[in-house]
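Okay, so here's the structure we're looking at.
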Amino acid sequence: QVQLVESGGGEVQPGGSLRLSCSGRGFENYGVAWFRQAPGKEREFVATIRKSGGAQTYADDVNNRFTISRDDSKNTVSQQMNFLKPEDTAVYYCAATSLYYSQKPDQYSFWGQGTQVTVTS
């Protein structure tokens, strides 16, 4: 079973930055995504990076603010988050899928434990 571990969450002021990391094994064989879930809300798509070629897709709300990247040699997928807003506050999850591309949480088979991101004044 694939095991994923997220890190890098924390508390920042609006406009600040955080860099999240997801560590695991065999990332070269999986598409990887970041999802987030705020209290009382459904889990939502944030960003994906493909298992081949590194093509990226972002949710409209984070496009041009977040950047997802991967380093398969280090078994790591990262998400740089800039210009953070209070509405970005959520638990962020790393997930992996054997599909080439998906934005649907239920099509991801492997999940990390989540890391809390809080954006507040």
Side-chain angles (χ1 to χ4, degrees):
Q1 183 178 13
V2 176
Q3 293 184 325
L4 305 175
V5 180
E6 302 100 332
S7 63
E11 182 175 328
V12 298
Q13 295 183 346
S17 298
L18 287 171
R19 186 175 180 86
L20 306 182
S21 295
C22 175
S23 298
R25 291 185 178 273
F27 280 149
E28 69 273 14
N29 298 317
Y30 293 90
V32 180
W34 289 94
F35 293 85
R36 65 187 182 187
Q37 188 166 20
K41 298 182 179 179
E42 295 184 352
R43 193 164 298 186
E44 65 178 354
F45 165 78
V46 177
T48 67
I49 187 163
R50 313 297 192 271
K51 62 182 178 181
S52 179
Q56 306 158 33
T57 302
Y58 299 93
D60 288 344
D61 288 348
V62 308
N63 194 31
N64 299 315
R65 297 191 297 121
F66 292 8
T67 303
I68 187 171
S69 61
R70 65 192 302 160
D71 187 343
D72 291 336
S73 68
K74 297 181 179 179
N75 296 309
T76 300
V77 172
S78 299
Q79 181 168 261
Q80 179 68 38
M81 306 186 296
N82 298 326
F83 305 103
L84 285 162
K85 305 174 181 179
E87 50 263 45
D88 294 319
T89 296
V91 177
Y92 283 71
Y93 297 91
C94 177
T97 180
S98 61
L99 299 175
Y100 179 75
Y101 172 79
S102 177
Q103 296 186 31
K104 299 176 62 178
D106 60 5
Q107 292 187 322
Y108 282 77
S109 299
F110 308 104
W111 294 82
Q113 82 289 343
T115 185
Q116 177 71 48
V117 172
T118 302
V119 185
T120 180
S121 299

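Not measured: the values here are computed from a predicted model. Nothing fancy with the numbering, it's 1 onward along the sequence.
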Fill in: Glu87, CD: over 12 other non-hydrogen atoms inside 6.0 angstrom
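Counting neighbours around CD of Glu87, more than 12 heavy atoms of other residues, nucleotides or ligands fall under 6.0 Å, so yes.
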Discussion item. Counting C-beta onward and ignoring hydrogens, is there a side-chain heavy-atom pair between Arg19 and Ser78 closer than 4.5 Å?
Written reply: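 They are in contact (side-chain heavy atoms under 4.5 Å apart), so the answer is yes.
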Worksheet item: Does any non-hydrogen side-chain atom of Lys104 lie less than 4.5 Å from one of Phe45?
Response: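 They are not in side-chain contact.
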Practice prompt. Answer yes if the ring centres of Trp111 and Phe35 are under 6.0 angstrom apart, and no otherwise.
Written response: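 Ring-ring flag for Trp111/Phe35: true, centres closer than 6.0 Å.
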Under 3.5 Å, side chain of [X] to main-chain N/O of [Y], donor-acceptor pair present?
X	Y	answer
Gln13	Ser121	no
Gln79	Phe66	no
Thr97	Tyr108	no

Worksheet item: Do the charged groups of Asp72 and Lys74 touch, with an N to O distance under 4.0 Å?
Response: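 Judged by the 4.0 Å cut-off on N to carboxylate O distance, Asp72 and Lys74 do not form a salt bridge.
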Any chance the side chains of [X] and [Y] put a donor and an acceptor closer than 3.5 Å?
X	Y	answer
Ser17	Asn82	yes
Thr48	Arg50	yes
Ser102	Gln107	yes

Practice prompt. With sequence neighbours excluded, tell me which residues meet side-chain contact (heavy atoms from CB on, under 4.5 Å) with Asn63.
Written response: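 Scan of Asn63 (side-chain contact (heavy atoms from CB on, under 4.5 Å), adjacent residues dropped) gives Tyr58.
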Check residues 88-95 and write down every donor-acceptor pair under 3.5 Å in which the side-chain atom is one partner and the other belongs to a residue at least two apart or another chain.
residue : atom : partner : partner atom : Å
Asp88   : OD1  : Arg36   : NH1          : 2.9
Asp88   : OD1  : Arg65   : NH2          : 3.1
Asp88   : OD2  : Arg65   : NH1          : 2.8
Asp88   : OD2  : Arg65   : NH2          : 3.4
Asp88   : OD2  : Lys85   : N            : 2.8
Thr89   : OG1  : Pro86   : O            : 2.9
Thr89   : OG1  : Val119  : N            : 2.9
Thr89   : OG1  : Val119  : O            : 3.4
Tyr92   : OH   : Arg36   : NH1          : 2.9
Tyr92   : OH   : Asp88   : O            : 2.7

Worksheet item: Going from NZ on Lys51 to OG on Ser98, what distance comes out if it is rounded to the nearest 0.5 angstrom?
Response: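 Result: 6.0 Å between the selected atoms.
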Discussion item. Working to the nearest 0.5 angstrom, can you tell me the gap between Ser21 OG and Asp71 CG?
Written reply: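 Nearest 0.5 Å value for the OG-CG distance: 10.5 Å.
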Discussion item. Show the nearest heavy-atom pair for residues Leu4 and Gly24, with the distance to one decimal.
Written reply: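 Heavy atoms of Leu4 and Gly24 come nearest at CD2-CA, 4.2 Å.
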Worksheet item: What's the verdict on side-chain contact (heavy atoms from CB on, under 4.5 Å) for Arg70 and Val32, showing C-alpha distance, side-chain angles and the deciding distance?
Response: CA-CA 9 Å; Arg70 65 192 302 160; Val32 180; 4.3 Å; yes
Practice prompt. Evaluate side chain to side chain donor-acceptor pair (under 3.5 Å) for Glu11 paired with Thr118, printing each intermediate quantity in order.
Written response: CA-CA 5 Å; Glu11 182 175 328; Thr118 302; 5.4 Å; no
Worksheet item: Rest of the hydrophobic cluster containing Tyr101 (Ile/Leu/Val/Met/Phe/Trp/Tyr, side-chain heavy atoms under 4.5 Å)?
Response: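 Members besides Tyr101, by chain and number: Tyr100.
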Discussion item. Membership question, hydrophobic clusters at under 4.5 Å side-chain separation (ILVMFWY): are Leu99 and Tyr30 in the same one?
Written reply: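 Shared cluster, no.
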Worksheet item: Taking it one step at a time, do Gln103 and Thr57 satisfy side-chain contact (heavy atoms from CB on, under 4.5 Å)?
Response: CA-CA 9 Å; Gln103 296 186 31; Thr57 302; 4.1 Å; yes
Discussion item. As a test of understanding, state which of Val46, Ile49, Leu20 forms a side chain to side chain contact (heavy atoms under 4.5 Å, CB included) with Ile68.
Written reply: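 Answer after filtering Val46, Ile49, Leu20: Ile49.
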